[in-house]
Each structure stands twice: as structure tokens, then as C-alpha cells.
Amino acid sequence: MQFPYSWLKTLARTDLAPDQLAHLLTMAGLEVEDTQPAAPPFQGVVVAEVKSVEKHPDADRLNVTQVDAGTGDLIQIVCGAPNVAPGIKVPCALHGAVLPGEFHIKPTKMRGMASNGMLCSAKELGLPEKADGLLILADTAPVGADIRAHLNLDDTVFTLKITPNRADCLSLKGLAREVAALSGCELNLPEIQTVAAEAARRQPVRIEAPQDCGRFLSRVIEGVNAQAESPAWLTDRLERSGIRSISALVDIGNYVMLELGQPMHVFDADRLSGSLIVRRAVAGETLACLNEKTVTLSDNTLVVADERQALSMAGLMGGEGSAVSGDTQNIVLESAWFAPDIIAGKSRQYGFGSDSSFRFERGVDFTLQRDAIERATALVLAVCGGRAGKVEEAVGELPENRQVLLRPERVKRLLGVDIPLERISAILQDLGLQPQAVAEGFQVQVPPFRFDLAIEADLIEEVARVYGYENIPDDYTGGKLAMLRLPENRHPRFDIYSKMAERGFQEVVSYAFVDEQWEQDFASNGQPVRLQNPLAAQFSVMRSTLIGSLVEILQNNLNRKQSRVRLFEIARVFNRSTDGNFLQNEHIGALVYGNALPEQWGEKSRAVDFYDLKADVESLLAGKNAVFTPAAHPALHPGRSAVISLNGEAVGFIGELHPKWLQKYDLPQAPLLFELDMAAVCEREKVRYRSVSKFQPARRDLAFVLPESVSYAELEAALCQVDSPLIQAIELFDLYRGTGLPEGMKSMAIKVILQDQDGTLTDDKIDPLTAQLLEAAARVGAKLR
């Protein structure tokens with residue numbers, strides 16, 4: 001909600017400075033996002049009258065003007081504006097003036113002619129442009145007056161972030177009511193005068209969807225001048241409220257909406273056929289809208305129609321076929337109340353919204369429609385002339401009046417402060433809640449402009465915010481909080497974060513909703529969990545993998561010249577189970593890119609590889625027997641990826657990004673990634689005591705020749721099948737390929753550490769174990785070298 005402070009002060013006569021008002025509103029729950037001057041700083045610009053205009057002798061597009069700026073003598077100024085003419089009044093920057101952008105004005109010569117100032121356009125003063133060329137001022141503008149004072153350019157424009165429950169504050173009337181209640185100033189709402197009917201013509205109306213439209217009013221105004229210009233005070237207020245001036249008739253509708261909070265629509269009366277009807281659209285019915293879009297309507301959409309066709313989408317957008325134009329002579333004003341439920345969601349459904357739908361879907365005062373049509377009528381007659389007809393009204397189903405009981409002892413209990421009854425009554429009265437004293441406290445009649453008040457707690461919140469949160473003393477409660485003991489078989493989550501940080505990773509946080517194409521590319525997920533109301537087209541589904549988010553963050557880092565990237569994220573991913581239920585498992589994903597080590601003098605630069613990231617995973621899974629088995633994954637290189645298993649169960653994957661995704665996502669080289677189930681990462685075995693053997697360990701080195709197709713993981717798994725408490729460790733310490741080995745074969749040297757708790761090992765115990773290890777290795781094609 002945007003508005004100029006000067007407009008608000010006509011309705012609530014407050015003397016608060018803009019920053020004081022901003023603080024007051026924010027502390028009362030109406031957050032002020034921004035305050036800006038109506039125009040940027042400049043000085044030395046006055047109202048001037050152009051006395052004469054002559055063509056420049058040496059330039060076709062320049063004119064030499066004589067200007068009265070109130071200094072006593074005429075000033076010669078060379079001007080190139082196309083609309084300069086004798087008799088007009090315009091802003092004039094005199095010698096020494098400083099325009100926005102620190103542009104200093106001084107005497108100069110333009111093609112040999114002296115120019116002692118500058119006639120200004122709206123753009124040159126930092127104002128919205130209304131025409132091509134100079135800013136033409138009203139004939140009544142006093143010559144020599146400071147332009148900032150004349151146009152009220154020192155006004156302050158407020159921008160408020162109104163929460164959805166406070167639709168009553170989407171108007172100057174509602175904001176003035178709030179300011180008066182908060183500051184105690186005088187409330188001066190516009191007096192609505194009933195306009196007498198002079199024209200005989202009427203516009204019949206009826207409601208065929210009474211549950212969707214509670215009230216519908218129409219009024220014909222004949223003989224209007226649709227080409228009349230909107231007065232400057234009206235267009236200034238609109239523009240400072242963020243609404244562009246279009247035409248007098250449209251501007252008046254927008255003005256009433258901002259002032260009172262009631263959206264309105266204006267029809268060309270001569271383009272209507274019969275009655276105006278509020279009904280549900282017929283499925284497949286089309287409408288050419290004012291925003292130059294033609295939409296196909298669904299049967300859940302409310303429309304305003306005549307006897308032939310739909311004319312507008314009720315509360316959302318008018319239609320082109322019944323819109324007013326410069327040739328319009330007779331108009332129909334429409335003022336209606338539409339139920340919030342029928343308007344809510346239509347902006348997303350059709351891909352566009354409006355200021356009207358923004359208000360209707362949050363709730364509009366259902367008693368305001370007649371005041372709005374009378375106010376708009378008076379403005380139309382004053383600006384565009386004409387003769388008004390009688391107001392026609394149809395009534396559907398309106399919300400019921402609500403009453404809520406407020407108990408003072410409940411106020412004290414919830415707020416912790418004893419507010420006098422007189423103060424509570426005054427607060428409720430100032431907010432327009434009409435409290436009635438009863439035995440228990442106050443019976444409050446909820447006004448029709450407050451859709452958010454339904455229970456006693458709502459009223460207590462109103463009392464608190466007007467009384468002032470800062471006036472409610474802090475009440476620090478004390479209590480003993482017992483921390484629950486973490487099970488021994490669970491790693492603390494903080495340890496996981498610390499472990500990743502120790503290994504050089506940086507945590508990232510990204511959106512859980514992603515582009516559907518990511519799910520197809522990185523997970524081959526053709527049926528992702530879809531959002532019913534996505535924020536944007538690229539956020540339409542919930543992610544089932546963290547890869548897409550990590551790749552996007554890598555792209556952002558590369559675009560900012562970061563050549564070495566190590567990222568991790570811990571977040572939930574979303575899938576469906578076989579029975580259709582949603583699964584929300586927590587995963588940890590990581591990505592590495594660039595050099596294995598930071599640039600330094602002590603180590604040669606080399607690119608990070610699979611085994612660097614594998615070491616990171618093994619560190620994260622320390623104490624667990626993680627097995628890496630080659631496997632395909634849609635996101636990863638088919639020959640450089642593996643599934644990670646614990647105790648025979650797959651818990652994640654690791655590998656290099658697939659070459660086709662490198663090309664599609666424009667990556668110079670391949671990053672490596674892993675993703676693990678956080679439940680498996682956090683799980684650990686209970687700590688068990690085991691005494692340290694007093695006896696010397698024995699080591700046996702076994703060198704095996706085996707086919708290239710057999711991996712170390714397969715060899716290790718075969719050796720681990722030998723179950724003996726004497727075997728303490730089996731580790732690979734050498735790999736050889738080359739001279740002396742048959743083609744297609746390789747050599748792996750394994751060290752086996754043996755140790756007994758009860759005595760020194762002898763060959764009698766070691767040799768049988770060695771033989772068992774050799775037999776186990778032979779089962780995968782490994783022979784002792």
C-alpha cells in the first residue's frame with residue numbers, strides 16, 4: 001500500500017513527523033517498508049510564465065523565449081521543448097539552481113544566443129512524465145513561487161507492507177482510522193453526500209450467484225465528457241500512490257478505491273444490452289480483457305454480464321467490449337461486494353491480477369458500496385459533467401454480524417498488565433468496534449470492515465497494539481530446562497556440520513522447490529511431487545535430490561570467478577511411497593570442483609578426483625564399513641559413479657557429473673558429488689570397551705595377481721569372509737600394472753595385521769589363517785604372486 005502523507009493528513013489531522021508516524025504504524029503491526037520524498041532534492045526552480053517565443057536563427061529545433069520568473073525583468077532562455085508556447089506557466093531553473101543529479105544551472109550560449117536558465121520538464125525534476133516536453137502548470141500558478149512548495153514536492157510517500165488479515169488498511173480511510181486510534185488525533189473522513197437523480201435512465205441489475213455476490217449497485221450518468229482532464233490534485237495523489245493516470249473516468253474509480261477501499265468499475269452504458277447480471281461463467285466462455293489478453297473462463301469464475309455476453313471478470317479485470325473510451329457519452333458506475341472465496345486464487349489461475357482483486361480476495365467492507373457509488377458520482381459530475389440517474393441495487397447473501405465478548409481479566413492474564421477499563425473501552429471505540437459494557441466486560445460488535453476479528457484473543461491483540469507493545473513490561477519467566485540425553489547410537493548433528501567444515505566444505509541453503517527439468521535430468525523423476533500454487537514456473541515441484549541445487553550454486557560461483565568450490569547442504573528431499581504417501585527424508589549432499597588443494601607453493605596443482613571425494617565420504621562415515629560399488633546414476637558419469645552401502649543397504653551415491661549435463665549447464669569441467677541419507681550418517685555403533693593387547697602384532701604381506709575386472713572392493717570382501725578374532729586389519733598398500741604381468745592382469749599387495757589378546761602369535765596359528773585368506777582370494781580369481 002503506497003500513499004502520500006499529505007493525503008492521509010486530510011483525513012487524520014496529525015502533526016507527527018513522517019519518521020514518527022512510520023515508527024508508530026510499524027509498532028502497531030502496519031509495517032512501513034519505505035518512506036521517500038515525492039521528488040528528489042533540487043533547488044532554485046520557480047514558477048515562470050513564457051511571454052514570447054521566437055525561432056532560433058541558427059537552429060531549427062530551438063526557440064528563444066522571454067520568461068517572467070518573478071525577478072522583475074524578463075529572462076532570455078533558449079528552449080528545445082516542442083510544447084513551449086507564449087502564455088504557459090512552467091518550472092524555470094534560474095542561475096545557480098541545482099537539479100537532481102547535482103546538475104548546476106548557469107548562464108551559457110546555445111548556438112550564439114544567450115540562455116540564462118532552463119525551462120524544465122517533469123523528468124528533469126525527477127517527477128513522472130505527463131507529456132512530451134515541458135511540465136505545464138495550472139494557469140493559477142503564482143509566478144515566482146518556489147516549485148517545491150507549489151507542487152508540494154516535500155511531501156513524503158509511504159510504502160506499507162499490509163498483512164493479508166488487515167484488508168481494512170488498504171485504503172486511506174482505513175489508515176486514517178488507525179492513525180487516529182494510535183495517536184489520538186482528530187478523524188476527518190470525507191462526508192458522503194447523496195446525489196439527487198436528474199436523469200430518467202436506469203441500469204437494471206440482478207444477482208444469479210447470491211452466495212458469491214452479496215450486493216451489486218449500478219448508476220447511469222448521462223452526458224459525460226469522457227475527454228475531460230483529471231484535475232492535478234487527483235492525478236498527483238494517484239501517481240504518488242503508485243497508480244498511473246489514464247483518463248478522468250478511470251482515474252475517479254481508482255481514486256475512490258484508494259480513498260474508501262471499495263473497488264469500482266465503469267462501463268460504457270451504450271455498449272450494454274439489457275440488465276447487468278452477476279453469474280458464474282459458462283465453461284469455455286471467452287472474454288477480451290482490458291490488459292489486451294483474451295481468456296477462456298472456467299465455471300468457477302464469477303463474471304458481470306449483460307443479456308448477451310460476459311462483460312468483465314468480477315473483482316478482477318474489466319472487458320474490452322464494454323470499456324469507456326474518448327467517445328463515451330453515457331456511463332454506468334458499478335459498485336459491488338464479492339465474497340473473498342470466489343475471488344481468491346483467480347490471479348494465479350489466469351496469470352494476472354489487479355488492485356481490485358488484491359482487495360476483494362482479502363475482504364472489503366460489505367456496507368461500503370453505496371457510499372462509494374455516491375462519492376464516485378459526485379467526482380464524475382464535478383470533473384466530467386453529466387446527469388446522474390437513480391441507484392439500482394440487488395442484494396445476495398451478506399456476511400452475518402458477529403459479536404465477541406472481551407473480559408478485562410483475560411486481557412490482564414494474557415498481556416501481563418492491568419489496563420484500566422476506561423482505556424480498554426476508549427481503544428475499542430477508537431477502532432470502530434462499538435463496545436457495549438456488560439457484566440463480564442465488553443460486548444463488541446465486529447464492524448464489517450474487520451474480517452480478521454473472530455475470537456476474544458483477536459480483540460486482546462487489538463488492545464495490546466494500540467496500548468503499545470513498548471508499554472507492556474517485560475516479564476522474564478524462569479524455569480529448569482532438562483536437556484535430553486542423546487542416544488549413544490546417534491551422532492550429534494553439530495558433529496556432522498563440524499566434520500564437513502573441517503574438510504573445507506561450506507554450507508549452503510537453497511529452496512526445496514525446484515525446476516521440474518532438474519528432476520528429469522538429475523533423478524529421471526517423471527512424476528515429482530508438484531506444488532498446487534508455485535511461486536513461479538521454475539519452482540513448480542519439490543526436489544527428490546540435492547544435485548540440481550548444488551549445480552546451480554556452482555554456476556553462480558563460477559560466474560563470480562570462483563575456481564575452487566566445495567559445498568554441502570543438509571536438507572529434506574521429497575518423494576512418494578508406493579502407497580502414494582509423501583516421504584520427507586533428510587539428505588546430505590556435497591559438491592567439489594576445481595583443484596584438490598588451495599593454490600600454494602608446497603604442492604603441485606591437480607584437479608580434484610573421485611578418490612578425494614571418496615575420502616571425504618569415508619571420513620563422514622568413519623567407524624562404519626562403507627562399501628562403494630560401481631553403479632549407474634542418471635546424474636553421474638556412467639563409468640565414474642558408485643552406490644554407497646552400509647551393511648548391505650544402499651544409503652547414497654557418489655561420482656562425477658555426467659558429460660551431457662556439463663554441456664547443458666555450461667560447466668567448464670566436471671564437478672564430483674555425493675549424496676547420503678542423513679539417518680545413516682548420524683547412526684553409529686555404541687562405544688564398547690576393549691582392552692589393548694600386551695602382545696606384539698604380526699604382519700603378513702600378500703601380493704595377489706588378479707584380472708583387471710576384479711576390484712579391490714571385491715577382493716577385500718572375499719578376504720573379510722575369513723572370520724577370526726586374530727585378524728585386526730586388512731589393507732591395500734600397493735598396486736602394480738606393467739612388465740612381468742600377463743596382459744589384462746594387475747597386482748595388489750595386501751597387508752594383514754594379526755594380534756592375539758592372550759599370547760604371542762606363532763606360525764602354528766598364523767599359517768592356517770594365511771591359507772584361509774589365500775583360498776578366499778582364489779574365489780574371485782586372485783592368485784598369490
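Both backbone and side-chain heavy atoms feed into the values below; hydrogens, waters and symmetry mates do not.
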Grab the two heavy atoms, one from [X] and one from [Y], that are nearest each other, plus how far apart they are.
X: Q443; Y: L405; answer: OE1-CD1, 3.8 Å
X: V324; Y: V250; answer: CG2-CG2, 4.3 Å
X: A310; Y: A305; answer: CA-CB, 3.7 Å
X: V404; Y: I455; answer: CG1-C, 3.6 Å
X: S322; Y: F267; answer: OG-CD2, 3.3 Å
X: F360; Y: G315; answer: CD1-CA, 3.5 Å

Could you state the interatomic distance from [atom1] ([X]) to [atom2] ([Y]), rounded to the nearest 0.5 Å?
X: I427; Y: I419; atom1: CD1; atom2: CD1; result: 5.5 Å
X: E361; Y: S347; atom1: CD; atom2: OG; result: 5.0 Å
X: N291; Y: S354; atom1: CG; atom2: OG; result: 9.5 Å
X: L302; Y: M313; atom1: CG; atom2: CE; result: 10.0 Å
X: S335; Y: F216; atom1: OG; atom2: CZ; result: 9.0 Å
X: L276; Y: S218; atom1: CG; atom2: OG; result: 6.0 Å

Can you find a heavy atom in the side chain of [X] that is under 4.5 Å from one in the side chain of [Y]?
X: E33; Y: L160; result: no
X: I147; Y: L135; result: no
X: V383; Y: I252; result: yes
X: L249; Y: C384; result: yes
X: R375; Y: Y255; result: yes
X: L433; Y: V446; result: no

Handout entry: Lys/Arg cation over aromatic Y350: K346, 6.0 Å, 45° cone
Key = no
Exercise for the section: Measure from NZ or CZ of R240 to the centre of the six-membered ring of F158, then state whether that distance is under 6.0 Å and the direction lies within 45° of the axis. Expected result: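 Checked: cation-pi criterion not met.
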Exercise for the section: Mind checking side chain to side chain contact (heavy atoms under 4.5 Å, CB included) for P164 and listing every partner two or more places apart, or none if nothing turns up? Expected result: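 By the side chain to side chain contact (heavy atoms under 4.5 Å, CB included) rule, P164 matches R362.
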Do [X] and [Y] have side-chain atoms, one donor and one acceptor, less than 3.5 Å apart?
X: D251; Y: S230; result: yes
X: S6; Y: D155; result: yes
X: D371; Y: Q262; result: no
X: D327; Y: S325; result: no
X: Q193; Y: E191; result: yes

Does a side-chain N-to-carboxylate-O contact under 4.0 Å join [X] and [Y]?
X: E222; Y: R387; answer: yes
X: E259; Y: K173; answer: no
X: D154; Y: R148; answer: yes
X: E208; Y: R280; answer: no
X: K390; Y: E392; answer: no
X: R465; Y: E178; answer: yes
X: E285; Y: R279; answer: yes

Under 3.5 Å, side chain of [X] to main-chain N/O of [Y], donor-acceptor pair present?
X: N188; Y: L11; value: no
X: R219; Y: G389; value: yes
X: T26; Y: A22; value: yes
X: R271; Y: G321; value: yes
X: Q203; Y: G274; value: yes
X: N330; Y: G223; value: yes
X: S425; Y: L421; value: no
X: W337; Y: V364; value: yes

Exercise for the section: Might you work through the side-chain contact (heavy atoms from CB on, under 4.5 Å) test for L25 and V179, ending with a clear yes or no? Expected result: CA-CA 8 Å; L25 291 174; V179 172; 4.1 Å; yes
Kindly check if the number of other-residue, nucleotide or ligand heavy atoms within 6.0 Å of [atom1] ([X]) is above 12?
X: R423; atom1: CZ; value: yes
X: N533; atom1: CG; value: yes
X: E186; atom1: CD; value: yes

Practice task
Name the orientation class of the two ring planes belonging to F451 and F366 (parallel below 30°, tilted from 30 to 60°, perpendicular beyond 60°).
Solution key: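 Perpendicular.
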Exercise for the section: Give the intermediate values and the outcome of side-chain hydrogen bond (donor to acceptor under 3.5 Å, both in side chains) for residues Q445 and Q403. Expected result: CA-CA 5 Å; Q445 180 75 38; Q403 291 188 340; 3.0 Å; yes
Practice task
Go through the steps for I424 and L406 under the test side-chain contact (heavy atoms from CB on, under 4.5 Å), then give the verdict.
Solution key: CA-CA 10 Å; I424 294 176; L406 179 64; 3.9 Å; yes
Practice task
Test L16 against L24 for side-chain contact (heavy atoms from CB on, under 4.5 Å), laying out the working first.
Solution key: CA-CA 9 Å; L16 292 174; L24 183 69; 3.7 Å; yes
Practice task
Show your reasoning for whether salt bridge (charged side-chain N to carboxylate O under 4.0 Å, His left out) applies to R206 and E307.
Solution key: CA-CA 11 Å; R206 71 173 184 268; E307 303 291 354; 3.3 Å; yes
Problem - Audit row: D270, T328, side-chain contact (heavy atoms from CB on, under 4.5 Å) steps and yes/no - result: CA-CA 8 Å; D270 298 325; T328 297; over 6 Å; no
Exercise for the section: Show your reasoning for whether side-chain hydrogen bond (donor to acceptor under 3.5 Å, both in side chains) applies to Q36 and D34. Expected result: CA-CA 7 Å; Q36 293 287 343; D34 191 23; 3.2 Å; yes
Exercise for the section: Quick one: do Q349 and N300 satisfy side-chain hydrogen bond (donor to acceptor under 3.5 Å, both in side chains)? Show the steps, please. Expected result: CA-CA 10 Å; Q349 180 178 342; N300 68 347; 3.3 Å; yes
